[in-house]
Amino acid sequence: MTTRQVEHEIVAEAPAATVYDLIAQVGNWPQIFPPTIYAEQVEAGDGEERIRIWATANGTAKSWTSRRTLDPRQFTITFRQEVSAPPVAAMGGTWKIEPLSATRCRIRLLHDYRAIDDDPDALRWIDEAVDRNSRSELAALRANVEAVVADDGLSFSFEDTVRVDGSAKDVYDFINEAGAWEQRLPHVARVTLTEATPGLQELEMETRARDGSTHTTRSYRVTLPYHRIAYKQVTLPALMTLHTGMWTFTDDEHGVTATSQHTVVLNPDAVARVLGDDATIDDARTYVHGALSANSRATLGHAKDYAEKKR
């Protein structure tokens, strides 16, 4: 069997411990790694954990489970996929964060992998995917950790919540069935939903803004019945360079708490073009927050009506 071993690296103007912490917490990955749609910890032990990842490779969305060993003293994280997604037969590697000074570090990303049946075309596909994703991940990681250190105010998170006198399953179903949103939601002008792999959706949507204008977004969504739907936009409005979100549905004895959570990174280069020459980052933050929150509240309101009529 042919095992390929490759290495990529980059230097970041950030402390090694800051970089290590961002990589160690898998919940950060959709925000810091462009290919990652969603990641979650499945099991945790003493320096060991099992994680599940949903990500794109060469434009195709895939999911796999990995085991990781974390060493915060050496700033290293080793990983090994438990069951790889075809055409990968096996995949593993190591993150190594090497301090260069108190405020600077080298980030090394090592991979080893094999293709199913040693197929040369499959190995070539994996080579391209690993190279593209590694370069993308390292560049984005550097930009994001340097932004964290700079605290430039471009990143923010918020959420909207409603109470529903119904079941979590019915609220979940309304959000999950996004292909019907064109008929169910006034602010959705057009929608296309595909789900080639159960639980992993691709959603393209044309949305109406309050001023009557429309914009098109494309997202990948991970659906986890009946409590969570996570998503990441890959085609974004001009004012954002990142938009991830989460719909959560929590049952209790009185009904359901339904929440829409957003994490956004603003695009400073688009602020004047979109909002006018005098607009500030604060203006952009207020505008984006307002637009996303209005859509979330509208969607949650319709989901509430849908679920309560089901009772």
Side-chain angles (χ1 to χ4, degrees), residues 30-38 54-62 132-133 136 140 143 154-160 173-197 199-223 229-247 260-276 279 281 283-303 306:
Q31 283 79 52
I32 61 175
F33 296 136
T36 303
I37 303 163
Y38 181 61
W54 291 260
T56 58
N58 287 348
T60 303
K62 295 181 178 291
R132 180 181 293 108
N133 280 8
S136 171
L154 297 176
S155 177
F156 63 98
S157 299
F158 63 93
E159 61 183 38
D160 295 287
D173 285 345
F174 186 92
I175 304 301
N176 181 53
E177 296 165 3
W181 282 1
E182 187 174 344
Q183 291 76 44
R184 293 176 172 177
L185 297 175
H187 64 273
V188 175
R190 180 185 59 82
V191 66
T192 303
L193 180 72
T194 57
E195 190 169 353
T197 301
L200 185 53
Q201 302 176 341
E202 185 173 350
L203 174 67
E204 184 174 287
M205 188 164 59
E206 187 176 345
T207 304
R208 296 185 184 92
R210 284 173 291 186
D211 62 5
S213 63
T214 62
H215 63 270
T216 299
T217 59
R218 188 166 65 92
S219 305
Y220 287 108
R221 307 204 310 173
V222 175
T223 61
I229 296 175
Y231 63 88
K232 183 173 188 174
Q233 284 191 348
V234 292
T235 301
L236 293 149
L239 280 174
M240 293 183 280
T241 60
L242 174 84
H243 178 205
T244 64
M246 186 95 64
W247 302 92
S260 170
Q261 186 271 340
H262 300 268
T263 295
V264 170
V265 177
L266 297 173
N267 178 6
D269 296 332
V271 173
R273 173 163 47 89
V274 175
L275 299 180
I281 294 298
D283 293 331
R285 185 184 182 115
T286 299
Y287 180 88
V288 169
H289 186 163
L292 293 177
S293 187
N295 287 346
S296 288
R297 290 195 305 269
T299 303
L300 287 170
H302 284 275
Y306 175 88

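Numbering of residues begins at 1 and proceeds along the displayed sequence.
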Scanning both residues in full, the closest heavy-atom pair of Ala284 with Leu239 reads CB-CD2, 4.4 Å

Rounded distance [0.5 Å steps], CZ in Phe33 versus OG1 in Thr56
13.0 Å

Specify whether His302 and Phe174 have parallel, tilted or perpendicular ring planes, treating 30° as the upper limit for parallel and 60° as the lower limit for perpendicular.
parallel

Applying side-chain hydrogen bond (donor to acceptor under 3.5 Å, both in side chains) to Glu195 and not counting sequence neighbours gives Gln201

Taking every heavy atom of Ala189 against every heavy atom of Glu182, the minimum-distance pair comes out as O-OE2, 3.4 Å

Atom CG of Leu154 and atom OG1 of Thr241: how far apart are they, to the nearest 0.5 Å?
7.5 Å

Under the side-chain hydrogen bond (donor to acceptor under 3.5 Å, both in side chains) test, which residues partner Arg218, sequence neighbours left out?
Glu202

Would Trp54 and Thr36 satisfy side-chain contact (heavy atoms from CB on, under 4.5 Å), going step by step from the backbone distance to the final call?
CA-CA 6 Å; Trp54 291 260; Thr36 303; over 6 Å; no

Shortest non-hydrogen contact between Ser155 and Arg285, atoms and distance
O-NH1, 4.0 Å

Sequence neighbours excluded, which residues qualify as side-chain hydrogen bond (donor to acceptor under 3.5 Å, both in side chains) partners of Thr60?
none

Check step by step if side-chain contact (heavy atoms from CB on, under 4.5 Å) holds for Tyr306 and Glu177.
CA-CA 12 Å; Tyr306 175 88; Glu177 296 165 3; 4.1 Å; yes

So is Arg221 actually on top of Trp181's ring, under 6.0 Å and inside 45° of the axis?
yes

Distance-only polar pair, side chains of Gln233 and Thr244, donor-acceptor under 3.5 Å:
no

I need the minimum non-hydrogen distance between Ala298 and Leu185, along with the two atoms involved.
O-CD2, 4.4 Å

Do Trp247 and Asn176 pass the side-chain contact (heavy atoms from CB on, under 4.5 Å) test, and can you show the C-alpha distance, the side-chain angles, and the key distance before you say yes or no?
CA-CA 10 Å; Trp247 302 92; Asn176 181 53; over 6 Å; no

Contact check, side chains of Asp283 and Val271, non-hydrogen atoms, under 4.5 Å
no

Heavy-atom closest pair, residues Arg208 and Pro186:
NH1-O, 2.7 Å

Are the side chain of Lys232 and the backbone N or O of Pro30 linked by a donor-acceptor pair below 3.5 Å?
yes

Is any side-chain heavy atom of Met240 closer than 4.5 Å to a side-chain heavy atom of Leu292?
yes

Check the pair Thr216, Thr235 against side-chain contact (heavy atoms from CB on, under 4.5 Å), reporting the backbone distance first and the verdict last.
CA-CA 8 Å; Thr216 299; Thr235 301; 5.5 Å; no

Output a table of donor-acceptor pairs, distance under 3.5 Å, between side-chain atoms of residues 260-267 and any protein atom two or more places apart or on a different chain; print 'none' if there are none.
| unit_1 | atom_1 | unit_2 | atom_2 | d |
| --- | --- | --- | --- | --- |
| Ser260 | OG | His262 | NE2 | 3.3 |
| Ser260 | OG | Ser296 | OG | 2.9 |
| Gln261 | NE2 | Thr263 | OG1 | 3.0 |
| His262 | ND1 | Tyr231 | OH | 3.3 |
| His262 | ND1 | His243 | NE2 | 2.8 |
| His262 | NE2 | Ser296 | OG | 2.6 |
| Thr263 | OG1 | Ser157 | OG | 2.9 |
| Asn267 | OD1 | Asp269 | N | 3.1 |
| Asn267 | ND2 | Ala238 | O | 3.3 |

For Asn295, the side-chain hydrogen bond (donor to acceptor under 3.5 Å, both in side chains) test, sequence neighbours excluded, returns none

Rounded to the nearest 0.5 Å, how far apart are CG of Asp160 and OG1 of Thr299?
10.0 Å

I want to check something: taking the side chain as every heavy atom from C-beta on, are Thr217 and Glu204 in contact at a cut-off of under 4.5 Å?
no

Gap between atom CD1 of Ile175 and atom CG of Leu300 - 0.5 Å precision
6.0 Å

Heavy atoms of Ile37 and Ala61 approach each other most closely as CD1-CB, 4.1 Å

Does any part of the side chain of Ser219, heavy atoms only, come nearer than 4.5 Å to the side chain of Val234, both counted from C-beta?
no

Under the ring pair (Phe, Tyr, Trp, His ring centres under 6.0 Å) test, which residues partner His187, sequence neighbours left out?
none

Looking just at side-chain N and O atoms, do Ser136 and Arg132 make a donor-acceptor pair shorter than 3.5 Å?
no

